[in-house]
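Remarks on the structure that follows.
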Amino acid sequence: MPDIILNREVALNLFNKYNKNESLLRHALAVEAGMRHFAYLFGEDEEKWALIGLVHDIDYEMYPDQHCIKAYEILNEYGWPDDYIHAVQSHGWKICIDVEPEHKMEKTLYAIDELTGLIAATVYMRPDKSIKDLEVNSVKKKFKQKNFAAGVNRQVIEDGASLLGMDLDLLIAETIKGMKKVAKDIGL
Ligand SMILES: [Fe+2]
Ligand SMILES: [Fe+2]
């Protein structure tokens, strides 16, 4: 396996090679920002967590039926370390792959992946279409409306929060904070 230098440019180039969809890119950037924020909160490796967030759906556009499986092949081919790949794959736990989130980084990814989608969908409903003044309660309300953004798997968010041992309100609040930092890039 070749030694590679991992940085944001490398990760973004790789992501863009496999993804042409604008909304998937925005999702990747939102999860990246969320991961960076939680790494900061937990005193962990911000760059590492962010890179994993950025590429976590690397195989989704081209191989939706082999999501989290093809990711292994792609990232392995480009020399990504095993712990990065394990983290990426584990976000599909109980959904598309039997790889359980173990590390705190993996539990965080699991918890915020679907949540970033719910937050974005909640923002789109606002008159100002901006995340600037978004409150936790607005997201909580939408969380409870099962017909709203029905594709967002609420169970995954709840499972992620309990894996982290984090209150759902706090998880939402901190994910909003992370996304706010890149609001412009993610169209919010
Ligand atoms: Fe995914
Ligand atoms: Fe995702």
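First listed ligand is number 1; within each ligand, the first listed atom is number 1.
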- Query: Measuring to the Fe ion (ligand 2), does His91 have an N/O/S atom at a distance below 2.8 Å?
  - Reply: no
- Is the distance between the Fe ion (ligand 1) and the nearest N/O/S atom of Asp113 smaller than 2.8 Å? no
- Could you tell me whether the Fe ion (ligand 1) has an N, O or S atom of His67 under 2.8 Å away? yes
- Pairing of Lys107 and Glu102 as salt bridge, 4.0 angstrom limit: no
- Heavy-atom pair with the smallest gap, counting every atom of Ala121 and Ala149: CB-CB, 3.9 Å
- Note on the structure: When every non-hydrogen atom of Lys70 is compared with those of Asp59, the smallest separation belongs to N-OD2, 3.5 Å
Tell me which N, O or S atom of [X] sits nearest to the Fe ion (ligand 2).
| X | value |
| --- | --- |
| His27 | NE2 |
| Asp57 | OD2 |
| His56 | NE2 |

- Which of parallel (below 30°), tilted (30 to 60°) and perpendicular (above 60°) describes Tyr84 and Trp80? perpendicular
- Message: Between His27 and Asn21, do the side chains contain a donor N or O and an acceptor N or O under 3.5 Å apart?
- Response: no
